[in-house]
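First the structure, in the form of structure tokens, and then the observations on it.
Here the structure is a predicted model, which is why all the values come from computation and not from measurement. Residues take their numbers from the sequence shown, with the count starting at 1.
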Amino acid sequence: MSAICQVTGRAPGYGTQVSHSHRRTARRWEPNIQRRRYWVPGENRWVTLRVSVKGMKTIDKRGIDAVVADLRARGVTL
């Protein structure tokens, strides 16, 4: 599974790591993806999402019903 947040769309960032001797190697910064279950009162069921911590804050702010409605509008199956 790819490390992409279902709510915010955050994906890994790519770049180079530079050592003390200035050698450059490729690396990637992974987003903080967590697997969380949310109770959706409108559907009367649990929904499991792969969300970043910023996505969790978005759910706390907007509410799970609004976030699930946006996901369904984008065509995401839950």
Report summary line: Residue set satisfying salt bridge (charged side-chain N to carboxylate O under 4.0 Å, His left out) with Asp65, at least two apart, ordered chain then number -> none
Mind listing the side-chain donor-acceptor pairs of residues 51-59 below 3.5 Å, one per line with the distance, residues two or more places apart or on another chain?
| from | atom 1 | to | atom 2 | distance (Å) |
| --- | --- | --- | --- | --- |
| Ser52 | OG | Gly55 | N | 3.2 |
| Thr58 | OG1 | Lys54 | O | 3.0 |

Report task. Kindly state each residue pair satisfying ring pair (Phe, Tyr, Trp, His ring centres under 6.0 Å) with at least one member in residues 56-78, sequence neighbours excluded. Result -> none
Report task. Only counting residues at least two apart or in another chain, list the ones meeting salt bridge (charged side-chain N to carboxylate O under 4.0 Å, His left out) with Arg36. Result -> none
Report task. Report yes if the side chains of Val47 and Arg37 come closer than 4.5 Å at any heavy-atom pair, otherwise no. Result -> no
Requested in this report: Sort and list the pairs that fulfil ring pair (Phe, Tyr, Trp, His ring centres under 6.0 Å) and have at least one residue in residues 56-78, not counting sequence neighbours.
Outcome: none
Report task. Write out all pairs satisfying side-chain hydrogen bond (donor to acceptor under 3.5 Å, both in side chains) with one or both partners inside residues 38-47, taking only residues at least two apart or from two chains. Result -> Glu43-Arg45, Glu43-Arg72
Query - Sequence-distant partners of Thr77, side chain to side chain contact (heavy atoms under 4.5 Å, CB included), two or more places apart - result: none
Requested in this report: Determine whether Val67 and Val76 fall in the same hydrophobic cluster, where Ile, Leu, Val, Met, Phe, Trp and Tyr are linked whenever their side-chain heavy atoms lie under 4.5 Å apart.
Outcome: yes
For residues 6-17, which side-chain donor-acceptor pairs fall under 3.5 Å, sequence neighbours excluded?
| from | atom 1 | to | atom 2 | distance (Å) |
| --- | --- | --- | --- | --- |
| Gln6 | OE1 | Arg50 | N | 2.9 |
| Thr8 | OG1 | Arg10 | N | 3.4 |
| Tyr14 | OH | Arg28 | NH1 | 3.2 |

Report task. Tell me who clusters with Val18, hydrophobic residues only, linked when side chains sit under 4.5 Å apart either directly or through other members. Result -> none
Query raised in the report: How would you list all residue pairs meeting ring pair (Phe, Tyr, Trp, His ring centres under 6.0 Å) that involve residues 47-78, not counting sequence neighbours?
Result: none
Query raised in the report: Is there side-chain contact between Leu49 and Arg35, with heavy atoms separated by less than 4.5 Å?
Result: no
Query raised in the report: Does any pair with a residue in residues 56-78 pass ring pair (Phe, Tyr, Trp, His ring centres under 6.0 Å), and if so which ones, sequence neighbours excluded?
Result: none
Report summary line: Residues at least two apart in sequence or cross-chain that pass salt bridge (charged side-chain N to carboxylate O under 4.0 Å, His left out) with Arg27, listed by chain then number, are none
